[in-house]
Amino acid sequence: MATPSSAQHPKGGKWPTLLAWLSVLALLGAAILMGLAGPAYRWEFIPLGDAFSLLRYGVYLAAAAGGLSLLLLILGAMTRRFSAGVVAIVVLSGTVALLYLPWQHWQRAQQAPVIHDITTDTQNPPAFDALRDAREAAPNAVDYPGEETARQQQEAYPEVAPLVVSAPAPSVLGAAQAEVEAAGWQIETVTDNTIEATATTPWFGFKDDVVIRLTEQENGVRVDMRSASRLGASDVGTNALRIDTFLDRLRERLE
């Protein structure tokens with residue numbers, strides 16, 4: 001039979017409740033810090049270094065939330081506090097979801113070379129003309145970096161190659177422009193054989209410039225592409241993925 005003192009102080013005392021509150025608050029704090037880091041930089045409230053600091057502190061808080069929820073899960077099992085176990089599982093799930101994107105980004109960063117200018121033609125890269133002024137004002141150079149970047153690109157992204165299609169050049173240009181618009185890139189200029197545009201990443205708002213060049217050949221139209229980041233030594237594979245995805249979709253559009 002339960003005594004009055006045991007009814008007032010459930011098994012495990014106040015610790016399950018305290019751990020539950022701490023784990024939930026840590027998870028909410030982590031979500032706020034990580035969620036605000038990108039928009040705060042994109043809207044120019046804070047510099048990039050501070051934004052990365054917010055991300056780092058958010059990761060620390062998320063890890064703390066995960067650790068607290070594990071303790072809560074163990075304590076809930078030992079004291080048979082079902083509600084504590086439910087809270088622990090919810091917080092653990094939230095922690096995993098919150099840390100998945102940074103973990104995935106870190107994994108890609110470990111595998112990607114420290115380059116930020118990718119092209120399908122490393123011998124004669126498509127040039128930025130209309131976007132030259134914008135790129136000259138940015139930290140990264142406007143001109144293609146050269147042989148060392150080409151070598152690293154070939155080793156890391158051998159799939160990045162020109163697309164050759166059997167279609168009239170005007171049709172290819174129209175399809176390429178339609179695909180650029182579908183991707184949501186801001187078009188700077190369109191000529192008879194080139195398109196220059198800027199892609200903006202959704203979270204931090206980083207700007208990557210793109211130039212698409214068409215060359216008529218005997219076997220069809222060759223489509224070359226170059227995608228280069230304005231900021232950052234490494235693009236973590238973003239530009240190679242952008243080119244590969246764009247050319248695949250362009251091929252499908254022209255079939």
Side-chain angles (χ1 to χ4, degrees), residues 112-113 115-202 205-232 234-255:
I115 56 177
H116 56 264
D117 196 334
I118 307 298
T119 178
T120 58
D121 188 348
T122 58
Q123 299 302 311
N124 181 29
F128 292 108
D129 292 323
L131 287 167
R132 174 168 287 274
D133 290 345
R135 291 199 61 81
E136 286 180 342
N140 288 341
V142 62
D143 295 325
Y144 184 70
E147 294 182 3
E148 180 59 23
T149 293
R151 182 190 64 78
Q152 292 183 71
Q153 175 189 312
Q154 181 58 37
E155 291 177 356
Y157 315 116
E159 72 280 1
V160 174
L163 171 66
V164 178
V165 292
S166 299
S171 299
V172 179
L173 184 65
Q177 182 174 347
E179 194 57 48
V180 168
E181 292 170 350
W185 304 343
Q186 180 180 349
I187 295 177
E188 184 68 22
T189 188
V190 179
T191 69
D192 291 340
N193 67 333
T194 63
I195 299 173
E196 291 185 57
T198 300
T200 303
T201 61
F206 294 133
K207 293 186 180 297
D208 300 334
D209 296 313
V210 174
V211 55
I212 300 159
R213 182 183 67 198
L214 275 55
T215 306
E216 293 190 67
Q217 301 178 331
E218 291 183 1
N219 60 338
V221 175
R222 169 173 164 157
V223 182
D224 281 295
M225 187 172 174
R226 180 181 170 193
S227 183
S229 303
R230 292 187 189 178
L231 178 68
S234 173
D235 63 10
V236 200
T238 298
N239 289 302
L241 179 61
R242 179 180 292 117
I243 291 175
D244 195 40
T245 301
F246 180 87
L247 293 181
D248 281 346
R249 291 177 178 173
L250 179 59
R251 181 189 295 109
E252 293 172 359
R253 187 180 286 269
L254 288 167
E255 286 180 351

### Task
Give a yes or no on whether the backbone of Val210 and the side-chain of Arg242 come within a donor-acceptor separation of less than 3.5 Å.
no
### Query
Going through the distances and angles, do Ile212 and Leu214 end up as a side chain to side chain contact (heavy atoms under 4.5 Å, CB included)?
CA-CA 7 Å; Ile212 300 159; Leu214 275 55; 4.0 Å; yes
### Query
Does CZ in Arg249 sit with more than 12 non-hydrogen atoms of other residues, nucleotides or ligands closer than 6.0 Å?
no
### Summary
So CD1 of Ile243 and OH of Tyr157: to nearest 0.5 Å the spacing works out to 10.5 Å
### Task
Could you grab the distance from atom CG of Leu241 to atom CG of Asp235, nearest 0.5 Å is fine?
10.0 Å
### Lys/Arg-Asp/Glu bridge criterion (N-O < 4.0 Å) met for Glu255, Arg251
no
### Task
Output every pair passing salt bridge (charged side-chain N to carboxylate O under 4.0 Å, His left out) with a member in residues 183-196, not counting sequence neighbours, ordered by first then second residue.
none
### side chain to side chain donor-acceptor pair (under 3.5 Å) between Asn239 and Ser229, worked out
CA-CA 8 Å; Asn239 289 302; Ser229 303; 3.0 Å; yes
### Message
For a 4.5 angstrom cut-off between non-hydrogen side-chain atoms, does Leu131 reach Val211?
### Response
no
### Query
Roughly how far, to the nearest 0.5 Å, is the CD atom of Glu159 from the CG atom of Asp248?
10.0 Å
### Within 6.0 angstrom of Glu136 CD, more than 12 heavy atoms from elsewhere
yes
### Query
Do you know which two heavy atoms are closest between Val142 and Phe128, and how far apart they sit?
O-CD1, 4.0 Å
### Query
Should we count CD of Glu147 as having more than 12 external heavy atoms under 6.0 Å?
no
#### Entry: Donor-acceptor under 3.5 Å (Arg213 side chain, Met225 main chain)
no
### Query
Which value, rounded to the nearest 0.5 Å, describes the distance between Asn140 atom CG and Asp117 atom CG?
8.5 Å
Show every donor-acceptor pair shorter than 3.5 Å between a side-chain atom in residues 161-181 and any protein atom, with sequence neighbours excluded, or say none if there are none.
{"residue": "Gln177", "atom": "NE2", "partner": "Glu181", "partner atom": "OE2", "Å": "3.3"}
{"residue": "Glu179", "atom": "OE1", "partner": "Arg253", "partner atom": "NE", "Å": "2.9"}
{"residue": "Glu179", "atom": "OE1", "partner": "Arg253", "partner atom": "NH2", "Å": "3.0"}

### Message
List the residues meeting side chain to side chain contact (heavy atoms under 4.5 Å, CB included) with Thr122, not counting sequence neighbours, and say none if there are none.
### Response
Thr119, Tyr144, Ala150, Gln153
### Task
State the CG-CZ distance between Asp209 and Arg226, to the nearest 0.5 angstrom.
9.0 Å
#### Entry: Charged N-O contact under 4.0 Å between Arg132 and Asp143
yes
### Query
Can you name the closest pair of heavy atoms from Gly237 and Ala112 and give their distance?
N-CB, 4.0 Å
### side-chain hydrogen bond (donor to acceptor under 3.5 Å, both in side chains), paired with Asp224, selected from Thr215, Thr194, Asn124, Thr120
Thr120
### Query
Between atom CG of Leu250 and atom CD of Glu252, what is the distance when rounded to the nearest 0.5 Å?
9.5 Å
### Task
Check for a donor-acceptor pair, side chain of Thr198 on one end and backbone N or O of Lys207 on the other, with a separation under 3.5 Å.
no
#### Entry: Residues Glu148, Arg151: salt bridge by 4.0 Å N-O rule
yes
